[in-house]
Amino acid sequence: MSDGSSFYITTPIFYVNDVPHIGHAYTEVAADVLARWHRQAGDPTWFLTGTDEHGQKILRTATANGVTPKEWADRLVATAWQPLLKTIEISNDDFIRTTDERHETNVQLFLQRLFDAGYIYTGDYEGFYCVGCEEYKQPGDLVDGTGQYEGVQVCAIHSKPVELLQERNYFFRMSDFTQPLLDLYESNPGFIQPESVRNEIVAFVKRGLTDLSISRQSFDWGIKVPWDDTHVVYVWFDALLNYITAAGYGSDDARFAELWPATHIVGKDIARFHAVIWPAMLMAAGLDVPKQVFGHGWLLVGGEKMSKSKLTGIAPNQITDTFGSDAFRYYFMSAINFGQDGSFSWEDLSARYQAELANGFGNLASRVVAMLIRYFDGRVPDAVTLAEADENLRALEHRVVAEADAAIERLAIHEAIGAVWQLVDELNGYITAQEPWKLAKNPDDRPRLEAVLATAVHGVGTLAVLLSPVIPEATAKLWSALGGVGEIGEVPIRAAFDWQGSGTVTALEPLFPRVETIEGAA
Ligand code: MSP
């Protein structure tokens, strides 16, 4: 995207019933890498994340802990969800909480507009509800329980029994949008990504949509329905609106017009809410649908979706305390094809840390800087005559920038990293083949040594710029050792090749030190 339009990217807003695990952090990092890339490319970028604080699930957790739901949410946001962003270096521009005034007021405004337009009516709801999912379930969504739930039907995601609901509720005429949604999916094939998620959703909508119950009467932890304060708004209807209330809907029309529509990064389990209910709500309100909904895969532990409720949750700082935030970010973005499920293992993390970050990239950077210090007192020489190998490397630098940018455009983060890594591998091979330490021994080879190290350090600088969205900490350290001009996060990424240095390098500590003990490893 280099057309000057805004790049507005969101994560789902996270339930505050519990603390984050690495599955939540995975969504955050993916959105963050995309946001950093676009920001560094000079695209006007806005990155939103936040927390989902209403509904029965939070209410029950708070009650079980003897505090009000607002107290509970405040505590979890302050002690767990905000600190997560620091732990994994998230560069969000805004953090919305569904208990913010700016959100609550404009959810009511949105709902009132839909009511006035005739999209809402009263009806009786009878059916099953999963509090874990905060979702109404169809009988086809349930599976036979096992263990303590043998003989009962349970939610396929939470493996826990659902609850029978019988309430008088307000309904949204979602069924009116079956055809408009199918038209949207057809006219804009990239609207839902990846293909597997898209196919599942198209098939679901083709079966025909039913109207959606959008209020609850049996508890009061939620936003009041504006024309009837005996009801609170259904938590998903409330939550989805965060993407527009944070962007100025109802409060700042100019800002909203500039930012909206957004690219939504979500887990595949909640893609249906984002690609069916959400665009239907927006269509009913006469607003643009999102730019794109990308449903990423799950982190699996023992072949199952990792989750706290199944006691397979791993806290992000279990990893970052040992390996650092860059390794966390790099590992999950490169080892898993974005859009597919991936299994986490300590052994794989540790092996890739050593092979790819420490030996592949970190060592390359250290060697090049150390040789410039040893042979040229830290001065970056000019390359007067370039050999074919040098020209090839420079051509590769150009190529990987274009390839990585195109991959980011497709949201294929792992492919973008793969494209950049060709340069890591080529540079390592180049140094092995050119043997600068041998050239340094013979004064006649001085011009060749200059060309080799000038070419190598140029490549390393380009790598720093290109990898900055993925491993911001290490690349900032490297940038400073290279004498890079300005903040690395502001060096135009699509012109990474043109990076500027002061002409002098300074000593570089190992970027990825050896990790002796692997905490949590089996
Ligand atoms: N509050 C809703 C989202 C509302 S958005 C308008 C919600 N919250 S959540 O906290 O349960 O999940 C947030 C995100 O974390 C989802 O995208 C979900 O897919 C993701 N993940 C939760 N467990 C995960 C894995 N094991 N692996 C990858 N992502 C996972 O849903």
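Both counts, for ligands and for their atoms, begin at 1 and track the order of listing. Count residues from 1 along the sequence.
Between Trp81 and ligand 1, no N or O atom pair is found at a separation short of 3.5 Å. Every N/O-N/O distance between Ala239 and ligand 1 stays at or above 3.5 Å.
Ring-centre distance between Tyr121 and Phe172: not below the 6.0 Å cut-off. Note: Phe14 and Trp81 meet the aromatic proximity criterion, with ring centroids under 6.0 Å apart. Remark: aromatic rings of Tyr330 and Tyr353 are distant, center separation not under 6.0 Å.
Residue contact annotation: Gly297 has a non-hydrogen atom under 4.0 Å from ligand 1. Distances from ligand 1 to the non-hydrogen atoms of His274 include at least one value under 4.0 Å. Assignment of Trp236 to the shell around ligand 1 is supported, since a heavy atom sits closer than 4.0 Å.
Ligand 1 places these atoms under 4.0 Å from at least one heavy atom of Asp269: 18 (C), 19 (O).
Ion pairing between a basic and an acidic side chain is recognised when a charged N comes within 4.0 Å of a carboxylate O; Asp252 and Arg102 show no such pairing.
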(request) Kindly determine whether Phe115 and Tyr119 satisfy ring-ring contact (aromatic ring centres under 6.0 Å, His included), including the steps that lead there. (result) CA-CA 6 Å; Phe115 185 71; Tyr119 284 113; over 10 Å; no

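With a 4.0 Å heavy-atom cut-off, ligand 1 is reached by no atom of Phe273.
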